[in-house]
Amino acid sequence: MNVPDSLSIPQVPMPDPRQFANDLIQAAVAATNSNRKDPSSDLNEQGLVKALIAVANQSWRMGSALIDAETSEPKANLTPQDIRKLSNALDAIRECIQGLGLKVIDRTGEAFDSGLPDQVVTEEPQEAISKERIIRTIRPTIMWNQTMVQRGEIDIAVPTSKK
């Protein structure tokens, strides 16, 4: 079928995927570095790319263990193999995150200290405890190269009667 030139859609050149990814990473690194005070702690682009690829790979593995390939719905029952896959993928993601200098701190189960940087969201009175305890982490505290970049949010249990 011959389409008149006035109706034809011009070809839009697609960006080179490698160049696009490289530009995106450079922009992310530049944005990150512009917020830093210590120039000696600049991110290594190659290390960042490797970490992002590893996280993407592991998130795919987690998805393949959780989502039924035929229905695209969450699996009703996880097999022991699925649980192992999820655990291994999660461990690999945590290693990548730590390799980038990020530390995720979940304080659940720890004794509460009013000097912690975490924000207390709720206080739940509980009997049979003598000291305040952190019973739930809503958002973890996240440190990047010893600098807090996310303040944690926690729920604490408090004794019903203070002595």
Side-chain angles (χ1 to χ4, degrees), residues 20-67 72-163:
F20 179 75
N22 191 32
D23 292 346
L24 186 62
I25 290 165
Q26 285 179 354
V29 169
T32 302
N33 289 339
S34 69
N35 294 330
R36 297 237 196 115
K37 295 176 180 124
D38 180 11
S40 66
S41 62
D42 285 351
L43 281 176
N44 175 333
E45 282 184 45
Q46 191 173 16
L48 178 61
V49 171
K50 286 180 180 180
L52 290 172
I53 290 169
V55 168
N57 188 28
Q58 298 305 326
S59 66
W60 171 83
R61 285 186 180 175
M62 292 176 86
S64 69
L66 287 171
I67 306 296
S72 296
E73 295 290 325
K75 291 181 179 178
N77 297 311
L78 295 177
T79 66
Q81 181 182 3
D82 291 334
I83 293 169
R84 255 191 323 280
K85 274 187 192 177
L86 289 168
S87 178
N88 291 340
L90 183 58
D91 288 344
I93 288 172
R94 286 179 174 161
E95 285 178 24
C96 288
I97 289 170
Q98 287 176 348
L100 291 172
L102 289 166
K103 182 177 181 182
V104 179
I105 304 168
D106 180 343
R107 300 187 196 279
T108 303
E110 295 179 12
F112 176 70
D113 176 356
S114 60
L116 290 172
D118 302 54
Q119 177 182 355
V120 175
V121 176
T122 60
E123 294 182 2
E124 295 181 15
Q126 286 188 1
E127 293 183 21
I129 63 170
S130 59
K131 293 183 181 179
E132 297 171 326
R133 292 203 75 62
I134 300 169
I135 56 172
R136 193 172 13 269
T137 298
I138 299 166
R139 276 179 34 164
T141 298
I142 299 181
M143 306 293 285
W144 185 29
N145 297 326
Q146 289 79 42
T147 302
M148 185 172 51
V149 293
Q150 176 176 291
R151 183 178 180 195
E153 295 179 357
I154 56 175
D155 292 339
I156 63 171
V158 296
T160 53
S161 62
K162 295 194 177 191
K163 295 180 181 180

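Summarising the local packing, NZ of Lys50 is surrounded by 12 or fewer heavy atoms from other residues, nucleotides or ligands at distances under 6.0 Å.
Annotation: side chain to side chain contact (heavy atoms under 4.5 Å, CB included) contacts of Ser114 (sequence neighbours excluded): Phe112. Partners of Gln81 according to the side chain to side chain contact (heavy atoms under 4.5 Å, CB included) rule, which considers only residues two or more places apart in sequence or in another chain, are Thr79, Arg84, Lys85. When the side chain to side chain donor-acceptor pair (under 3.5 Å) test is applied to Arg107, the partners found at least two apart in sequence or on another chain are Asp118. Residues forming a side chain to side chain donor-acceptor pair (under 3.5 Å) with Ser130 (at least two apart in sequence, or on another chain): none. Judged as a side chain to side chain contact (heavy atoms under 4.5 Å, CB included), and not counting sequence neighbours, the contacts of Thr108 are Asp106, Thr137.
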From CA spacing to verdict: side chain to side chain contact (heavy atoms under 4.5 Å, CB included), Ile135, Gln126 | CA-CA 11 Å; Ile135 56 172; Gln126 286 188 1; 4.3 Å; yes

Evaluate the criterion side chain to side chain contact (heavy atoms under 4.5 Å, CB included) for residue pair Leu116 and Thr141; output intermediate values, then yes/no.
-> CA-CA 10 Å; Leu116 290 172; Thr141 298; over 6 Å; no

Tell me, with the steps shown, if Val120 and Ile134 meet side chain to side chain contact (heavy atoms under 4.5 Å, CB included).
-> CA-CA 9 Å; Val120 175; Ile134 300 169; over 6 Å; no

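Residue pairs that meet the salt bridge (charged side-chain N to carboxylate O under 4.0 Å, His left out) test with at least one member in residues 142-158, sequence neighbours left out, are Arg136-Asp155.
Checked by atom type and distance alone, the side chain of Ser87 never pairs as donor or acceptor with a backbone atom of Ile83 at under 3.5 Å. A donor-acceptor pair is defined here as one N or O able to donate and one able to accept, closer than 3.5 Å; such a pair exists between the side chain of Gln150 and the backbone of Pro140.
Put simply, CD1 on Ile67 and NZ on Lys75 are 9.0 Å apart, with the number rounded to the nearest 0.5 Å. Rounding to the nearest 0.5 Å places CZ of Arg139 at 8.5 Å from CD of Gln119. Distance check: Ile142 CD1 to Thr147 OG1 gives 13.5 Å after rounding to the nearest 0.5 Å.
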List the atom pairs, donor and acceptor, that lie under 3.5 Å between side-chain atoms in residues 91-105 and the rest of the protein, sequence neighbours left out.
none

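In terms of heavy-atom proximity, Leu86 sits nearest to Met62 at CD2-O, 3.5 Å.
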